[in-house]
Visitor: 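Structure below; questions to follow.
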Amino acid sequence: MLDGTVHSADGTRIAYSAWGDGDPIVIIDGATAHRATTPENAATAELLADEFRVINYDRRGRGASADTVPYAPEREFEDLAAVIAQAGGGRPATVFGWSSGGLLALNAAQAGVPIARLAVFEPPVVVGDTRPPLRADYVEQLDAAVAEGRPGDAVLLFLTDAVGLPPEMAAGVREDASMWAQLEAIAPTIAYDGRQIGETMSGRPLRPDLWDAIEVPVLVLHGDATWPQLAAGARAVADHLPTATLRAVPGENHSTSGDALAAAVRDFAKEN
């Protein structure tokens, strides 16, 4: 494994880890996650390193990566482009995104970031009544909580409104002091994912022009034991994209093992 940094278009330092050599596979974490909290990324990378250069980076404002204000979704497209160009050697990249990291990857592909193929795992999409939609002022409430020095309230809002945990279960998460401190530390970046989500959790059908520029192969994954609303969201994304294939991962939920993920991504990268 090699640790390094790249610099995005606005000068922000983005930290990454890389394994192996070959065509790059870039892993993007979802909301609140980064390299130190997702050991399955390293496990996946080690399994793929025999054929690929696998890169996992800390999104801006998390882990060892820096941040620059003000935030805009386009800054994270530039971050991904810098990782592909500098850490991946500019070769055609397979990009894999967890949860809202998958929406970031889709949005980046729509914006023209050079992605050869794209895999996403359970992107948070609500297009019907499978669960309550995200409140319209979700991002504004996150921003206000952080600006007023209430990062814990931002985390609670994420856990209840975005993740969908009952309030008592979300309160239980707070009892783990170490985990809660980690979540509060990255609370300012939760709104970043909210902006990447946009209207995709509104309960309305996905806009026809949302990802209409994506022409590369897309693999949409979900666990076959996941929450029904997450499986429904994955199906909605796959149905929306003409180049997409939907695949259920046996026995998994809103996370999966390095073995299962590496096998799915390897097959996808070699077949497309």
Side-chain angles (χ1 to χ4, degrees), residues 8-10 26-31 59-60 70-85 92-143 158 161-162 164 189-222 228-247 268-269 272:
S8 192
D10 68 349
V26 179
I27 300 175
I28 306 176
D29 281 309
R59 289 173 55 185
R60 59 173 54 210
Y71 176 83
E74 292 78 11
R75 301 295 80 76
E76 291 208 80
F77 307 162
E78 294 164 355
D79 298 347
L80 176 58
V83 169
I84 293 172
T94 299
V95 173
F96 169 79
W98 292 103
S99 191
S100 54
L103 295 180
L104 164 57
L106 287 163
N107 295 339
Q110 173 74 8
V113 174
I115 295 171
R117 58 196 67 80
L118 176 59
V120 298
F121 190 91
E122 298 192 359
V125 170
V126 180
V127 296
D129 59 0
T130 55
R131 55 148 283 173
L134 203 59
R135 63 180 67 191
D137 63 347
Y138 172 70
V139 169
E140 288 76 10
Q141 289 204 26
L142 289 171
D143 285 342
F158 164 71
D161 278 40
T189 72
I190 296 174
Y192 298 177
D193 289 84
R195 288 176 167 83
Q196 295 293 345
I197 288 168
E199 300 175 357
T200 64
M201 293 183 68
S202 68
R204 299 187 297 273
L206 298 172
R207 293 196 328 267
D209 63 344
L210 183 60
W211 299 310
D212 61 351
I214 297 178
E215 298 179 347
V216 299
V218 179
L219 175 64
V220 185
L221 299 166
H222 70 86
Q229 61 266 30
L230 292 174
R235 287 193 296 272
V237 172
D239 289 345
H240 187 73
L241 294 167
T243 61
T245 300
L246 180 68
R247 183 179 302 172
F268 178 58
N272 294 275

Visitor: Of all the heavy-atom pairs spanning Val126 and Pro133, show the shortest one and how long it is.
Guide: CG1-CA, 4.5 Å

Visitor: Main chain of Val220, side chain of Arg247: is a donor-acceptor contact present, judged purely on distance under 3.5 Å?
Guide: no

Visitor: Run the salt bridge (charged side-chain N to carboxylate O under 4.0 Å, His left out) check on Arg59 and Glu76 step by step: do they pass?
Guide: CA-CA 8 Å; Arg59 289 173 55 185; Glu76 291 208 80; 2.8 Å; yes

Visitor: Please, which pairs that meet ring-ring contact (aromatic ring centres under 6.0 Å, His included) have at least one residue in residues 92-120, sequence neighbours excluded?
Guide: Phe96-Trp98, Trp98-Phe121

Visitor: Please tabulate, one pair per line, all N/O donor-acceptor pairs under 3.5 Å involving side-chain atoms of residues 208-218, not counting sequence neighbours.
Guide:
| from | atom 1 | to | atom 2 | distance (Å) |
| --- | --- | --- | --- | --- |
| Asp209 | OD1 | Arg207 | NE | 3.0 |
| Trp211 | NE1 | Asn107 | OD1 | 2.9 |
| Asp212 | OD1 | Gln110 | NE2 | 2.9 |

Visitor: Under the rule for ring-ring contact (aromatic ring centres under 6.0 Å, His included), what residues qualify as partners of Tyr71, not counting sequence neighbours?
Guide: Tyr192

Visitor: Assess whether side chain to side chain contact (heavy atoms under 4.5 Å, CB included) is satisfied between Leu106 and Val237, documenting all intermediate values.
Guide: CA-CA 10 Å; Leu106 287 163; Val237 172; 4.2 Å; yes

Visitor: Can you list everything that forms a side chain to side chain contact (heavy atoms under 4.5 Å, CB included) with Asp143? Sequence neighbours excluded, please.
Guide: Val139, Ala191, Arg195

Visitor: Roughly how far, to the nearest 0.5 Å, is the CG atom of Leu104 from the CG atom of Asp193?
Guide: 8.0 Å

Visitor: Quick check: closest heavy atoms across Leu103 and Pro123, and the distance to 0.1 Å?
Guide: CD2-CB, 3.9 Å

Visitor: Mind jotting down which residue pairs meet the side chain to side chain donor-acceptor pair (under 3.5 Å) criterion with at least one end in residues 197-206? Sequence neighbours excluded, please.
Guide: none

Visitor: Tell me, do Leu219 and Val120 make a side-chain contact under 4.5 Å, heavy atoms counted?
Guide: no

Visitor: Does Thr130 have any side chain to side chain donor-acceptor pair (under 3.5 Å) partners at least two apart in sequence or in another chain, and if so, which?
Guide: none

Visitor: Would you please name every residue forming a side chain to side chain contact (heavy atoms under 4.5 Å, CB included) with Ala82, sequence neighbours left out?
Guide: Val6, Gln86

Visitor: With sequence neighbours excluded, tell me which residues meet side chain to side chain contact (heavy atoms under 4.5 Å, CB included) with Val113.
Guide: Phe77, Leu80, Ala81, Ile84, Ala108, Ile115

Visitor: Tell me the closest heavy-atom pair linking Ala236 and Leu206, and the distance in Å.
Guide: O-CD1, 4.0 Å

Visitor: Side chains of Val26 and Thr94, heavy atoms from C-beta outward: is any pair under 4.5 Å?
Guide: no

Visitor: Any salt bridge (charged side-chain N to carboxylate O under 4.0 Å, His left out) involving residues 109-133? Give me the pairs, sequence neighbours left out, ordered by first then second residue.
Guide: none

Visitor: Taking all non-hydrogen atoms of both residues, which atom of Ala162 and which atom of Tyr138 are closest, and how far apart?
Guide: CB-OH, 3.5 Å

Visitor: Could you list all the side chain to side chain donor-acceptor pair (under 3.5 Å) pairs where at least one residue sits in residues 235-244, not counting sequence neighbours?
Guide: none

Visitor: Under the side chain to side chain donor-acceptor pair (under 3.5 Å) rule, collect the residues that match up with Glu78, sequence neighbours excluded.
Guide: Arg75

Visitor: My understanding is that only residues two or more places apart in sequence, or in another chain, count here; which of them pass side chain to side chain donor-acceptor pair (under 3.5 Å) with Thr189?
Guide: Arg62

Visitor: Looking only at atom types and distance, does a side-chain atom of Ser100 sit under 3.5 Å from a main-chain N or O of Ala31, one as donor and one as acceptor?
Guide: yes

